[in-house]
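Since this is a predicted model, take the numbers as computed values, not measurements. For the numbers below, each heavy atom of this structure counts, side chains included, while hydrogens, waters and symmetry mates do not. Order of appearance sets the numbers: ligands from 1, and atoms from 1 within every ligand.
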Amino acid sequence: MDKLIITGGARLSGELRISGAKNAALPILAATLLSVKPVSVGNIPHLHDITTTMELLGRMGVRLVVDEKMNIEVDSSTITSYEAPYELVRTMRASILVLGPLLARFGEAHVSLPGGCAIGTRPVDIHINGLIKMGANITVEGGFIHAKADRLKGCRLVLEQITVTGTENLLMAATLAEGTTIIENAAKEPEVTDLAYFLNAMGAKITGIGTDVLVIEGVKSLGVEELHYDILPDRIETGTYLIAAAITGGKVKLKNTRPDILDAVLEKLVEAGAEITTGDDWIQLDMHGKKPKAVSLRTAPYPAFPTDMQAQFIAMNAIADGVGVITETIFENRFMHVQELQRMGANIRLESNTAICTGVKKLIGAPVMATDLRASASLVVAALVAEGSTLVDRIYHIDRGYDHIEEKLSQLGATIRRVPR
Ligand code: EPU
């Protein structure tokens, strides 16, 4: 297993290009299954989860061609299987995203149940119940979801909880259903919105995009000639590099990103003492060499503060001035980074779903272990400011969601290297 060795102390500075959003690329690649014509998708990030998705589609018989710029052309007309096997689903829960498209277009899907996960139980009942309401026949047997339907039927779905991939699965399924589907209490995350725009580009009829009520008028088939669609920039990658700069008292300019989808994060960085300037597609953060001030926040669905940035803010609070109180409301077990940060000298107390962190003067490098994607990112940013060297183990989690992290951080002046297994 690869590891990262990071020597703290460098104040980050410079410019960086942000990659396409993992959590938009995954549903959009799944949505290509709906198209009767080949589709080209661009601004795809170089990530392990993308490779897994390509393997998943490839094993179904879908033809994929990747060029040197990471544009992927997908042609699902060669499909031979409607199955997402356990060995792929267990490495990437987002494989569940093929359920809706397979069922809607081919009338059949067999998707392994994702099972437990490092950040909580994460059931998929809302995905399944929504599809049943649309007329699917679903059984769960032998660890698999087996779904069949002639043609799904539009209906009104009121989601009992806001779910990102749940909304995406039902949205994709509804595009080919007979009649109109209304999804209420839908997730409004920018990645859901990007998927909806992509579906419309393929010929779907979705309105209410960006709101919590999506209205989908089903069509008979999807697919247009020569469609190319570029994925939106990754707001979580953007936020992570902003924190990396803030924690080191640095100054960075991030390009090819979208400040308008990062309001809640930018607001907290300003509260931490950062000077933020933005343009249409760039964000600059300048700490003027100062230490950050501790911030308090609560995670919640978009447009509120994202759970995927919680761990990185705890890392920043660890060395900030004052006390920061961070409450996680989306996942019940998303504090695995806290114990590792404590091993680096952080003063954090956990009370149920809240982390109370009193900033310390310095963190000290230690061997630490990543447990999930964003937890790993928090350990890397903490290491950037720690005294001495930190060895971050199990970084396959990072490779799932951060495009060339060591190269990008090196570009900003960090001392970081990957050591192969
Ligand atoms: N939930 C249910 N039943 C369901 C679905 C969800 O109870 O059928 C619960 C979950 O257990 C959780 C809450 O609803 O408590 C919200 O979970 P959601 O379904 O929104 O999460 P997700 O769709 O599985 C996506 C992202 C996550 C991100 C969350 C929240 C993708 C591929 N994944 O997960 O990203 O944290 O939304 O914003 O889009 C990451 O990138 O590191 C990551 C974990």
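- Of all non-hydrogen atoms in F198 and L227, the two that sit nearest each other are CE1-CD2, 4.1 Å.
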Worked check of side-chain contact (heavy atoms from CB on, under 4.5 Å) between I50 and L26: CA-CA 7 Å; I50 297 294; L26 300 181; 4.0 Å; yes

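- For ligand 1, the 4.0 Å heavy-atom shell contains residues K22, N23, A94, R122, P123, V124, D125, I126, H127, Q161, I162, T163, V164, T165, T307, D308, I330, F331, R334, L373, R374.
- Partner E15 forms a side-chain hydrogen bond (donor to acceptor under 3.5 Å, both in side chains) with one of K253, Q411, K255 and no other, that one being K255.
- Legend: residues meeting salt bridge (Lys or Arg N to Asp or Glu O under 4.0 Å) with D125, ordered by chain and number and at least two apart, are absent.
- A parallel orientation is assigned to the rings of H146 and F144, their planes being inclined by less than 30° (bins at 30° and 60°).
- Residues T257 and D281 are not in side-chain contact: their nearest non-hydrogen atoms beyond the backbone lie 4.5 Å or more apart.
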